[in-house]
Amino acid sequence: MKFVLTALLALPLCAAPALDSREVTKVVNWKPDVPVVIEAERGTLEVMGWDQPKVDVYAKIEAETGMFRAKYAVEETQVLIDEVAGIRIRVDFSKIQQSSWQIFGGGSTRPKVHLKIKVPRSAPLRVKSTVATTTLADLRGEMEIESIRGSIKMSGIDGLVRLKTVVGDAELHLAKVTSGTRVETVRGNIQVFLPAKVKFDIEPDATRGEVRSDFGKTAGELIKERTKVNGGGPSLRVVTTRGTVEIKKQV
């Protein structure tokens, strides 16, 4: 009995099987003012500004534990990169959706897609992320960002921003307010952080929601009409439907 126990203890521990995954990489040359369009879905998205005139794309397509026909799903998920109208990067599940095996069994039929993309800091940027955790950093070009049923964090942002969230939260750190800046949420919460001495106007539009500011006489002051901050300046348009937008001072 002692010999059997010793032998069992000597057996190596079996590692959990590795999940099916594959990687996609590509570098695309960028010309000034050419827009970069990103459509991410189901996973994570990181967009980082850099000083190179190139767009560097890295993607990892990864199955989830217990996923039905995981290897097939990973192989059929595409990360498409084209240069027809600007530079467009998008996740495509269409081959999986058209497959007949999707109707059998339960569970997820789509893998997670993790994108890490470097873009020139001044590049015009259009991002739509769906059911994804999104981060953007060190950017100063014109940005139009939409997040649906996910979360988003933007830091080191110095440029025109139009941000919309639907059933999700966002954290936005701005160096200043550029004329035309707009943040909007539907059933979510957005926090906008700004330097304490920045000059701007708050232009609220709340439908069964709230706009609050730390730049008033009290922290979290409810804003119901156009309000000047530090003497006023470019307008920060704030729209909320059944959500909350908080304008906060950067620490």
Given 3.5 Å as the limit, does a donor-acceptor pair link the side chain of [X] with the main chain of [Y], or not?
X: Glu221; Y: Lys217; result: yes
X: Asp158; Y: Arg140; result: no
X: Asp169; Y: Asn189; result: yes
X: Gln250; Y: Leu174; result: yes
X: Asn230; Y: Ala196; result: yes
X: Thr227; Y: Glu225; result: yes

Hey, are [X] and [Y] close enough for a salt bridge, meaning a charged N less than 4.0 Å from a carboxylate O?
X: Arg126; Y: Glu142; answer: yes
X: Glu144; Y: Arg162; answer: yes
X: Arg88; Y: Glu39; answer: yes
X: Asp201; Y: Arg226; answer: yes
X: Glu203; Y: Arg237; answer: yes
X: Asp214; Y: Lys248; answer: yes
X: Arg42; Y: Glu64; answer: yes

- Taking the six-membered ring for Trp, are Phe215 and Phe200 parallel (under 30°), tilted (30 to 60°) or perpendicular (over 60°)?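 The rings of Phe215 and Phe200 stand perpendicular, inter-plane angle above 60°.
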
- Val239-Val211 co-clustered via ILVMFWY side chain contacts under 4.5 Å: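 No, Val239 does not connect to Val211 through the hydrophobic network.
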
- Item | Between Arg208 and Thr240: side-chain donor-acceptor atoms closer than 3.5 Å |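 Absent: no donor and acceptor within the cut-off.
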
- Looking only at side chains, do Thr165 and Thr185 share a donor and an acceptor under 3.5 Å apart?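 Their side chains do contain a donor-acceptor pair, which is all the 3.5 Å distance test asks for.
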
- If you look at every heavy atom in Met48 and Asp138, which pair is closest and at what distance?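 Looking at all heavy atoms of both residues, the shortest contact is SD-OD2, 3.5 Å.
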
- Message: On a heavy-atom basis, which atom in Lys54 and which in Pro120 lie closest, and how many Å separate them?
- Response: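 Where Lys54 meets Pro120 most closely, the heavy atoms are O-CD, 3.3 Å.
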
- Are there more than 12 heavy atoms of other residues, nucleotides or ligands under 6.0 Å from atom CZ of Arg121?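 For Arg121, atom CZ is crowded (more than 12 foreign heavy atoms under 6.0 Å).
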
